[in-house]
Amino acid sequence: MALRSQRQGTHAYVITLQGGPDGGVCTLQGTHTPRVGETRFDILMQLRADAARSHREMEDAVVLFFSLDRNTL
């Protein structure tokens, strides 16, 4: 199977959050290239803020899972 390569970040992430009145779950995934001096915690907080902007019920969500790894094999 041939995959068409698109511009991707240097790191791949997956974050799963649980929140809202019904305890809903939200999983986001993607790639990111950290800026100089940016930490793993900085990226986690940015992803949580992005999730809250896109899914208001995740504003005070609990992180169930977070992975940030180099985007290479």
Side-chain angles (χ1 to χ4, degrees):
M1 171 171 72
L3 296 177
R4 187 168 188 206
S5 179
Q6 298 178 9
R7 184 103 176 121
Q8 298 179 1
T10 60
H11 290 70
Y13 66 83
V14 177
I15 184 170
T16 300
L17 305 167
Q18 183 176 27
D22 65 351
V25 175
C26 173
T27 298
L28 304 172
Q29 63 186 8
T31 64
H32 176 74
T33 300
R35 295 181 306 271
V36 173
E38 191 172 36
T39 67
R40 180 180 180 83
F41 186 75
D42 293 335
I43 294 168
L44 171 62
M45 292 296 100
Q46 184 60 53
L47 290 171
R48 287 188 73 189
D50 292 348
R53 271 193 297 282
S54 299
H55 308 278
R56 283 289 182 207
E57 67 277 12
M58 294 297 138
E59 193 168 284
D60 294 318
V62 173
V63 176
L64 298 179
F65 178 80
F66 176 62
S67 174
L68 178 68
D69 298 298
R70 295 283 302 169
N71 190 21
T72 58
L73 293 177

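Side-chain atoms are counted along with the backbone in the values below, which use heavy atoms only and exclude waters and symmetry mates.
Annotation for A61 and L17: closest pair CB-CB, 3.8 Å, computed over non-hydrogen atoms. For the residue pair A51 and L28, the shortest heavy atom distance occurs at CB-CD1, 3.5 Å.
R48 CZ to E59 CD: the interatomic distance, rounded to the nearest 0.5 Å, is 10.5 Å. The distance from atom CG of L47 to atom CD of Q29, rounded to the nearest 0.5 Å, is 12.0 Å. Distance check, rounded to the nearest 0.5 Å: OG1 of T33 to CD of E38 gives 9.5 Å. To the nearest 0.5 angstrom, F66 atom CZ is 11.0 Å from T16 atom OG1. The structure places CZ of R7 at 9.5 Å from OG1 of T31, a figure rounded to the nearest 0.5 Å. Annotation: the span from C26 atom SG to H55 atom NE2 amounts to 4.0 Å, rounded to 0.5 Å.
V63 is connected to F41 through a chain of hydrophobic side-chain contacts under 4.5 Å among Ile, Leu, Val, Met, Phe, Trp and Tyr, so both are in one cluster.
Here H11 pairs with P34, L68, R70 under the side chain to side chain contact (heavy atoms under 4.5 Å, CB included) rule; sequence neighbours left out. With sequence neighbours left out, Q18 forms a side chain to side chain contact (heavy atoms under 4.5 Å, CB included) with V25, L64.
Judged by distance alone, the side chains of D50 and Q46 do bring a donor and an acceptor atom under 3.5 Å apart.
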